[in-house]
Amino acid sequence: SQETDTGGGSLKLTPAEKLADQLQKSGQPAAYREYRGLLEKARVDAKFEHAYPHMSEGSVMIAAIGTNWEPGAWQLVVDMMTATQGQEHNVCLEEIPDPMFGLPYASLGNMMDTAVLLAQVRGYEWLCIVENDVLPEPDILLRLLARDTPIIGPRVIDPERPAGSVGYPEWPANSGLKPMRYLPFSFLLFRTSVFNCFDMPFSSLHGEGLLFLRFWNYGHRAYQDTDN
């Protein structure tokens, strides 16, 4: 504890009072926040000069679209979540159930819009949409977050066409961050604030291209990280 002279003796300050005393003496506007550790603090410090850091910087809601997992996919998504948490990101993983039990994925847009609303209501900075047949590497989400790009996806490889990737245009691997007309819904990372542009973005769609055209209308372009 710290002691201060009150004129008639000394008085011990609580930690909160000590912090307030320091802020007053510094002559700077009061600003205080908690961090999960030094890694999260470093991410916030790096943004203060050029951006507005999120209150939970780098927080991510991973939304699994559906519950019908390909063998091995669930564990790989959990491993990805754990690796991201290990770098002091606030991360959750939630399955978005399919309301159309008799006709699987007929309500895909509704499921994705549910994920958007949950991420917004819960205050996550990022939303990662993952379909049930994706087999991600453990650090792929960390690598995409490091790009700090509002709409981004990795190269998604179709097993039936392993020489190329899904999306348009098709860029060669390891050519950096590339602009896209559209990306597959298989694995996407959005800064949650991009959904402030319009409500229920997925429900009225008939393909990936229309979503990214709508984002383009509001000044947002999608990118593919061809290095991942």
Student: Could you report the tightest heavy-atom contact between Leu142 and Ala83, atom names first, then the distance?
Tutor: CD1-O, 3.6 Å

Student: Kindly indicate, with the supporting measurements, whether the criterion side-chain contact (heavy atoms from CB on, under 4.5 Å) is fulfilled by Leu108 and Ile65.
Tutor: CA-CA 8 Å; Leu108 185 63; Ile65 306 303; 3.4 Å; yes

Student: So which of Ile129, Val78, Val91 actually passes side chain to side chain contact (heavy atoms under 4.5 Å, CB included) with Ile62?
Tutor: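 So, applying the side chain to side chain contact (heavy atoms under 4.5 Å, CB included) to Ile62 and each of Ile129, Val78, Val91, only Val91 qualifies.
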
Student: Where the side chain of Asn132 meets the backbone of Gly66, is there a donor-acceptor pair that is under 3.5 Å apart?
Tutor: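 Yes.
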
Student: Side chain of Glu88, backbone of Glu40: donor and acceptor closer than 3.5 Å?
Tutor: yes

Student: Between atom OH of Tyr168 and atom CZ of Arg181, what is the distance when rounded to the nearest 0.5 Å?
Tutor: 6.5 Å

Student: Grouping I, L, V, M, F, W and Y whenever their side-chain heavy atoms are under 4.5 Å apart, do Val166 and Phe212 come out in a common cluster?
Tutor: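 No, no single cluster joins them.
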
Student: Check whether more than 12 heavy atoms from other residues, nucleotides or ligands sit under 6.0 Å from atom CD of Gln75, and answer yes or no.
Tutor: yes

Student: Charged N to carboxylate O below 4.0 Å: is that the case for Arg155 and Asp227?
Tutor: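 No salt bridge links Arg155 with Asp227.
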
Student: Atom CE of Met112 and atom CE of Met200: how far apart are they, to the nearest 0.5 Å?
Tutor: 13.0 Å

Student: How many angstroms lie between atom CG of Leu145 and atom CD of Gln87, to the nearest 0.5 angstrom?
Tutor: 11.0 Å

Student: Below 4.5 Å, heavy atoms only, C-beta onward: do Ile152 and Leu177 meet side chain to side chain?
Tutor: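 Of all side-chain heavy-atom pairs linking Leu177 with Ile152, at least one is under 4.5 Å.
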
Student: Counting distance only, does the side-chain N/O of Glu57 pair as donor-acceptor with the main-chain N or O of His54 below 3.5 Å?
Tutor: yes

Student: Does the side chain of Val77 reach to within under 4.5 Å of the side chain of Pro136, using non-hydrogen atoms?
Tutor: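 Sidechains of Pro136 and Val77: in contact.
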
Student: Answer yes or no: are there more than 12 heavy-atom neighbours, outside Asn196 itself, under 6.0 Å from its atom CG?
Tutor: yes

Student: Would you call Arg122 and Glu94 a salt bridge, taking side-chain N to carboxylate O under 4.0 Å as the test?
Tutor: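 Looking at Arg122 and Glu94, the cut-off is met.
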
Student: Should Tyr35 and Leu39 be counted in the same cluster of Ile, Leu, Val, Met, Phe, Trp and Tyr side chains packed under 4.5 Å apart?
Tutor: no

Student: Check whether any side-chain heavy atom of Val194 lies under 4.5 Å from a side-chain heavy atom of Tyr218, and answer yes or no.
Tutor: no

Student: Any side-chain heavy atom of Leu141 sitting closer than 4.5 Å to one from Cys128?
Tutor: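 Yes, side chains in contact.
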
Student: At what distance, to the nearest 0.5 angstrom, does CG of Asp79 lie from OG1 of Thr84?
Tutor: 10.5 Å

Student: Locate the shortest heavy-atom distance separating Pro154 from Leu144; write the atom from each residue and the value.
Tutor: CD-CD1, 3.9 Å

Student: Which pair of heavy atoms, one from Thr226 and one from Pro172, lies closest together, and at what distance?
Tutor: CB-O, 3.6 Å

Student: Would you say Thr67's side chain and Pro97's backbone share a donor-acceptor pair under 3.5 angstrom?
Tutor: no

Student: Any chance you could measure Trp69, atom CH2, to Asp133, atom CG, to the nearest 0.5 Å?
Tutor: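 Answer for the CH2-CG pair, Trp69 versus Asp133, is 9.5 Å.
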
Student: Can you find a pair of side-chain heavy atoms, one from Val116 and one from Leu127, that are under 4.5 Å apart?
Tutor: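 Yes, close enough: below the 4.5 Å cut-off.
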
Student: So, Glu125 side chain and Gly58 main chain: donor-acceptor pair closer than 3.5 Å or not?
Tutor: yes

Student: Side-chain heavy atoms under 4.5 angstrom apart, residues restricted to Ile, Leu, Val, Met, Phe, Trp, Tyr: same cluster for Leu188 and Leu213?
Tutor: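 Leu188 clusters together with Leu213.
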
Student: Answer with yes or no whether the side chains of Glu95 and Trp74 bring together a donor and an acceptor at under 3.5 Å.
Tutor: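 No - no donor-acceptor pair under 3.5 Å links their side chains.
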
Student: Under a single-linkage definition using a 4.5 Å side-chain heavy-atom cutoff for Ile, Leu, Val, Met, Phe, Trp and Tyr, are Met61 and Ile151 assigned to the same hydrophobic cluster?
Tutor: yes

Student: We want to know whether Ser203 and Asn110 form a side-chain donor-acceptor pair, criterion being a heavy-atom distance below 3.5 angstrom.
Tutor: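 Asn110 and Ser203 do not have a side-chain donor-acceptor pair below 3.5 Å.
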
Student: side-chain contact (heavy atoms from CB on, under 4.5 Å), that's the test. Do Asp98 and Met111 meet it? Break it down for me.
Tutor: CA-CA 7 Å; Asp98 190 342; Met111 296 161 71; 3.8 Å; yes

Student: Could you tell me the separation between the OG atom of Ser56 and the OH atom of Tyr124, rounded to the nearest 0.5 Å?
Tutor: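 With rounding to 0.5 Å, OG (Ser56) is 7.5 Å from OH (Tyr124).
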
Student: Using side-chain heavy atoms (C-beta onward) and a distance below 4.5 Å, is Pro53 in contact with Phe48?
Tutor: yes

Student: Is it true that a side-chain atom of Trp171 and a backbone atom of Pro179 form a donor plus acceptor pair closer than 3.5 Å?
Tutor: yes

Student: Report yes or no: do Phe187 and Leu135 belong to one cluster of Ile/Leu/Val/Met/Phe/Trp/Tyr joined by side chain heavy-atom distances under 4.5 Å?
Tutor: no

Student: Return yes when atom CZ of Arg147 has more than 12 non-hydrogen atoms of other residues, nucleotides or ligands closer than 6.0 Å, and no otherwise.
Tutor: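 Counting other residues, nucleotides and ligands, CZ of Arg147 exceeds 12 neighbours.
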
Student: Do Lys47 and Asp148 make a side-chain contact, defined as non-hydrogen atoms from C-beta onward lying under 4.5 Å apart?
Tutor: yes

Student: Considering the options Tyr223, Phe202, Phe198, which one meets the ring pair (Phe, Tyr, Trp, His ring centres under 6.0 Å) requirement together with Phe215?
Tutor: Phe198

Student: Going through the distances and angles, do Asp139 and Met80 end up as a side-chain contact (heavy atoms from CB on, under 4.5 Å)?
Tutor: CA-CA 6 Å; Asp139 63 345; Met80 178 183 72; over 6 Å; no

Student: Show, in sequence, the C-alpha distance, side-chain angles and deciding distance for Glu131 and Phe185, and conclude whether the side-chain contact (heavy atoms from CB on, under 4.5 Å) test is met.
Tutor: CA-CA 7 Å; Glu131 294 187 343; Phe185 288 169; 3.7 Å; yes

Student: Is any side-chain heavy atom of Trp126 closer than 4.5 Å to a side-chain heavy atom of Ser59?
Tutor: no

